[in-house]
Amino acid sequence: MGDRERRVVFVTVGTTCFDALVKVVDSEEVKQALLQKGYTDLLIQMGRGTYKPSKASGNSNLQVKHFTFSPSIADNIREASLVISHAGSGSIFETLRLGKPLIVVVNEDLMDNHQSELAEELAERNHLFCAHPQTLRETVEAMDLNALQPYVPGEAKPVVALINRFLGFPVD
């Protein structure tokens with residue numbers, strides 16, 4: 001790698017099984033898109049999934065590593081230049097709190113997927129990018145990190161309103 005600065009992409013699926021995300025991140029197309037954006041390393045937290053990412057990255061120079069679980073992923077997020085995450089609220093807000101660029105990939109296999117509503121709302125507010133497994137490559141290619149707005153943790157009212165709307169409660 002020489003003098004090249006390390007730019008890590010950290011992928012997390014949380015405690016779930018989200019093989020569709022792990023597979024697409026492991027695809028040569030997504031790896032090439034990440035390389036084109038200047039990333040050097042890919043670290044995948046694969047949770048309960050059964051799909052094992054390849055350690056090598058085909059024709060690219062992207063360094064790939066993976067693991068199943070860790071007591072805390074905060075250090076992985078802190079060290080990352082980009083985070084690609086499932087749509088779990090804990091992962092989303094921890095990443096935003098740490099000020100890291102984030103692509104949230106919605107798991108379409110989940111029933112009653114309220115997580116997608118949260119991700120789409122935060123994407124609309126330019127705090128993150130929202131994708132689906134089949135659109136991840138295009139999202140990486142098109143993303144402009146300068147377009148992202150920092151998430152200020154004190155902004156609870158819009159999130160509370162979104163949750164209340166989802167639960168059918170009156171919104172002030």
Side-chain angles (χ1 to χ4, degrees), residues 6-27 29-31 33-34 39-57 62-125 127-137 139-140 143 148 150-153 155-156 158-160 162-167:
R6 249 181 107 222
R7 294 189 65 219
V8 178
V9 177
F10 177 58
V11 180
T12 178
V13 303
T15 59
T16 65
C17 172
F18 192 2
D19 278 346
L21 173 55
V22 177
K23 282 179 188 173
V24 75
V25 167
D26 194 38
S27 72
E29 295 80 16
V30 170
K31 289 177 184 174
L34 291 169
Y39 297 102
T40 59
D41 295 76
L42 182 59
L43 178 60
I44 304 169
Q45 181 268 320
M46 50 185 259
R48 292 192 169 104
T50 56
Y51 178 82
K52 299 270 191 261
S54 58
K55 289 278 190 177
S57 59
L62 202 62
Q63 302 300 309
V64 181
K65 295 180 184 170
H66 66 270
F67 64 95
T68 53
F69 294 105
S70 173
S72 171
I73 59 169
D75 288 341
N76 300 114
I77 294 171
R78 231 179 253 107
E79 293 168 9
S81 299
L82 173 68
V83 176
I84 299 175
S85 175
H86 69 118
S89 60
S91 297
I92 290 173
F93 286 115
E94 185 167 9
T95 303
L96 293 177
R97 184 180 59 79
L98 291 171
K100 295 298 180 170
L102 174 62
I103 299 174
V104 171
V105 181
V106 175
N107 187 345
E108 297 160 329
D109 295 335
L110 295 179
M111 298 292 288
D112 189 28
N113 198 351
H114 63 279
Q115 293 179 342
S116 67
E117 292 181 22
L118 175 62
E120 288 162 8
E121 178 70 21
L122 291 168
E124 223 172 87
R125 296 169 183 265
H127 296 305
L128 54 82
F129 300 102
C130 188
H132 297 269
Q134 64 272 22
T135 64
L136 182 58
R137 179 181 57 84
T139 302
V140 169
M143 72 179 178
L148 291 175
Y151 179 79
V152 180
E155 290 181 26
V159 176
V160 169
L162 177 68
I163 293 168
N164 282 341
R165 209 171 25 252
F166 175 75
L167 295 174

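Predicted model, so just to flag it, every value in this text is computed and none were measured.
Every residue two or more places apart in sequence or in another chain was checked for a salt bridge (charged side-chain N to carboxylate O under 4.0 Å, His left out) with R97, and none qualifies. Taking the side-chain hydrogen bond (donor to acceptor under 3.5 Å, both in side chains) definition, one finds that S81 meets it with nothing, sequence neighbours left out. Residues satisfying the side-chain contact (heavy atoms from CB on, under 4.5 Å) test with L148, not counting sequence neighbours, are P101, F129, L145. Not a single salt bridge (charged side-chain N to carboxylate O under 4.0 Å, His left out) links E94 to another residue, sequence neighbours left out. Not a single side-chain hydrogen bond (donor to acceptor under 3.5 Å, both in side chains) links R48 to another residue, sequence neighbours left out. Residues passing the side-chain contact (heavy atoms from CB on, under 4.5 Å) test with T135, sequence neighbours excluded: A131, H132, E138, T139. A search for side-chain hydrogen bond (donor to acceptor under 3.5 Å, both in side chains) contacts involving N76 returns nothing, not counting sequence neighbours. Residues meeting the side-chain hydrogen bond (donor to acceptor under 3.5 Å, both in side chains) test with Q134, sequence neighbours left out: E108.
With hydrogens and angles disregarded, a donor-acceptor distance shorter than 3.5 Å links the side chain of D19 to the backbone of T50. Between the S27 side chain and the V30 main chain, a donor and an acceptor come within less than 3.5 Å of each other. Side-chain N or O atoms of K23 include none that pairs as donor or acceptor with a backbone N or O of Y51 at under 3.5 Å.
Looking at S54 and V64, their side chains never come closer than 4.5 Å, going by heavy atoms from C-beta outward. Put simply, the side chain of V104 reaches to within 4.5 Å of the side chain of L102, judged on heavy atoms.
Residue pairs meeting the salt bridge (Lys or Arg N to Asp or Glu O under 4.0 Å) criterion with at least one member in residues 77-90, sequence neighbours excluded, are D75-R78. Residue pairs that meet the ring-ring contact (aromatic ring centres under 6.0 Å, His included) test with at least one member in residues 66-91, sequence neighbours left out, do not exist here.
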Please walk me through it: do Y151 and T95 pass side chain to side chain contact (heavy atoms under 4.5 Å, CB included)? CA-CA 10 Å; Y151 179 79; T95 303; over 6 Å; no
Show me the donor-acceptor pairs, under 3.5 Å and distance only, between side chains in residues 8-18 and residues at least two apart or in other chains.
from: T12; atom 1: OG1; to: G14; atom 2: N; distance (Å): 3.2
from: T12; atom 1: OG1; to: Q45; atom 2: OE1; distance (Å): 2.6
from: T16; atom 1: OG1; to: V13; atom 2: O; distance (Å): 2.8

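When all heavy atoms of L98 and A74 are compared, the pair lying nearest together is CD1-O, 4.1 Å.
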